[in-house]
Amino acid sequence: MTDPIDQLSDVDEALNLVHEAASRFLASLPERPVRPPSAELIAPTLGGTLPEDGDGTLAAVRELIDAGTDAAIGSAGGRFFHFVVGGATPAALAAEWLTAALDQNTGMWAASPFGAGMEVVAVDWLKQLFGLPASWGGVLVTGGTMANYVGLTAARRWWALQHDVDIDEDGWTGLPCLPVFGSGLIHASSVKALGMLGIGRRCVTTLTRDSVGRIDLEALESALESLRGAPAVIVATAGEPNAGDFDPVRKIVDLARAHNAWVHVDGAFGLFARLSPSTSDLVAGLDEADSAASDGHKWLNVPHDCGFAFVRDEGLLRGAFGSSAAYYVGGGVDQPNFALMAPESSRKARAFAVWATLRAYGRGGYQAMVERHVGLAKRVAQRVDEADDLERLADVQLNVVCFRYRPAGVPEDELDGLNQRLGEAVLADGRVYVGTTTYGGRVAFRPAIVNYRSTEADVDLLIDVIRELGASLVMAQHHR
Ligand SMILES: *Cc1c(COP(=O)(O)O)cnc(C)c1O
């Protein structure tokens, strides 16, 4: 029997093992395949019957180190372009280790004045980073999905109060259906949040003017007009994952103000366009919206999981997430109980990594990184345009490039199948990692550049691997 208290003396050794292994793993990132051959094989071997007698600290930690450093996907490295997944800056990574060691619970001010106080600081710095008014409220959550959930929870509360109902106290009693509008760019996680909120996934009306889902502002205006002053919610997507496209936030806000609508901006990675004068116009009008969501584990490059929700009227957060228990204490504007302003009650100190990376690199460092990534995206686009077997499907607005493999001699109706198979081949190959999507009805690649480690050599390899594997697929087809 191994009661953990008997193993206190192994703490140092266990942490040293992790430090050594992490150093080796991180040093191997530039060389190791993004997808190791063992990626799917190891986890099942670690399960089975729950052990009755433990192996002890060091044996367990060694087993996890061996398995993890072998089977991990190299998403921490510079050649992972799938989904939108950032790495962890040196300062953020170190701060995250400290977060676990200090193990602060930031739900209640009294549980950790330092942890909760640092969240106040981190939220303030993030508002400065994104150019949001200091008067807005904000909380750290687990990611973009929960940030959308928080923003839409505040929206739902505002909407119900317009109907004289406190929905968070009394539920839906007598309320009509909540009208939600968006473009076809609306992210799956916003729709998921609408489901979690009981508003219903199907209740969002998407108003689109083209095959890739860009917003039809005239249709939005008539939809709002037809409500005759009844309140509504609009989800504006600032940076969508297929092509890095943006809804026109300012125009949407103008329509919302002329009618009676709340504007929630989902800028999971797109909010970072605000960091450079050359891209900040993409999110013009953000500060006039009502709520906004962004992600830490994407472009801020802090470890998973971390997201940020901002709401113009902080009181709505307290109204929506407030709760009481006999042993809850304190909590005021200066000493917030974040458990009463956010979905999670007990919560880790996400602020430490956020603070450390902003302290370490500053606004200037992040501006430089964002601009470097935009430059890398333009380089990918240029290589696509120069290649006679690649076709770009969208303008590059920020850090996502949408294109497909289109070699001469392959008929249009075979291209989707070819790109699908090529996508699978690229993932299995493992030198680079990038996903496919359907864009305007065509199967396409959509590399997103968000990792601070990514270099020109990395994006060049991405193009080279796609063309090389594409050519062998076409060859194999011909020789069948
Ligand atoms: C990634 C993303 C989300 C969801 O964020 P998670 O951190 O995965 O929860 C929401 N919206 C957009 C536009 C995204 O790109």
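Whatever order the structure lists ligands and atoms in, that order sets their numbers, starting from 1. Computed from a prediction, not measured in an experiment: that's the story for all the values here.
Within the structure, the closest approach of Gly239 to ligand 1 falls below 4.0 Å when heavy atoms are considered. Heavy atoms of His297 approach ligand 1 to within less than 4.0 angstrom.
With salt bridges taken as basic N to acidic carboxylate O contacts below 4.0 Å, one links Asp287 and Arg274. Using a 4.0 Å cut-off between charged side-chain N and carboxylate O, Glu218 and Arg209 make no salt bridge. A salt bridge between Glu456 and Arg379 is present, with a side-chain N of the basic residue lying under 4.0 Å from a carboxylate O of the acidic one. Ion pairing between Arg350 and Asp305 holds under the 4.0 Å rule for side-chain N and carboxylate O. With respect to Arg392 and Asp385, a salt bridge is recorded, a charged nitrogen being found less than 4.0 Å from a carboxylate O. Using a cutoff of 4.0 Å between basic side-chain nitrogens and carboxylate oxygens, Arg453 and Asp458 are not scored as salt-bridged. With respect to Arg214 and Asp247, no salt bridge is recorded, no charged nitrogen being found less than 4.0 Å from a carboxylate O.
We find the CD-CG distance between Gln162 and Leu175 to be 12.0 Å, quoted to the nearest 0.5 Å. Considering CZ of Phe352 and OG1 of Thr106, their distance stands at 8.0 Å, rounded to 0.5 Å.
Scanning the protein heavy atoms around atom 9 (O) of ligand 1, the nearest turns out to be Thr145 OG1, 2.6 Å. Protein heavy atom nearest atom 5 (O) of ligand 1, with residue, atom name and distance: Asp295 OD2, 3.1 Å. Protein heavy atom at the shortest distance from atom 10 (C) of ligand 1 is Ser189 OG, 3.0 Å. The shortest contact between atom 11 (N) of ligand 1 and any protein heavy atom is with Asp266 OD2, 2.7 Å. In this structure, atom 6 (P) of ligand 1 lies nearest to the protein heavy atom Gly144 N, 3.4 Å. Protein heavy atom closest to atom 2 (C) of ligand 1, with residue, atom name and distance, is Lys298 NZ, 2.3 Å.
Using a 4.0 Å cut-off to heavy atoms of Phe269, the atoms of ligand 1 that qualify are 15 (O). Listed by number with element, the atoms of ligand 1 under 4.0 angstrom from any heavy atom of Pro241 are 15 (O). Those atoms of ligand 1 with a heavy atom of Ala268 less than 4.0 angstrom away are 2 (C), 3 (C), 10 (C), 11 (N), 12 (C), 13 (C), 14 (C), 15 (O).
Neither the backbone nor the side chain of Asp305 has any atom closer than 4.0 Å to an atom of ligand 1 (non-hydrogen atoms only).
Residue Gly143 has no nitrogen or oxygen atom sitting less than 3.5 Å from a nitrogen or oxygen atom of ligand 1, judged on distance alone.
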